[in-house]
Amino acid sequence: MTPEAIAQRYDTLMLSDVYAVNAYDVRHRSDVEQHLASREHQGNENPQQFAASQHPVIDVRERLLARNPT
């Protein structure tokens, strides 16, 4: 998806933030790949425990909205 499409799809995101994440990914690609590989490995070792440690997206959204209720 394009940054514009991502920002439209997820209305809580600002377009500038989507571009910032993309820029970070480009500059730190090996770090991002290493992090993702590590997370995949964790998920493969014990999928149930890994899933239980993850917060549902709705929970994250609610916590973020609670911080800034505007």
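Bear in mind that the values here come from a model prediction, so they are computed numbers and not experimental data.
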Give me each pair satisfying side chain to side chain donor-acceptor pair (under 3.5 Å) with a member in residues 3-14, each pair once, sequence neighbours excluded. E4-Y19
Pairs in or reaching into residues 20-29: which pass side chain to side chain donor-acceptor pair (under 3.5 Å), with residues at least two apart or in two chains? D25-R29, R29-E33
Do you know which of V21, V18, D17, L15 makes side-chain contact (heavy atoms from CB on, under 4.5 Å) with I6? V18
Around M1, counting heavy atoms of other residues, nucleotides and ligands shown, do more than 12 lie under 6.0 Å from its CE? yes
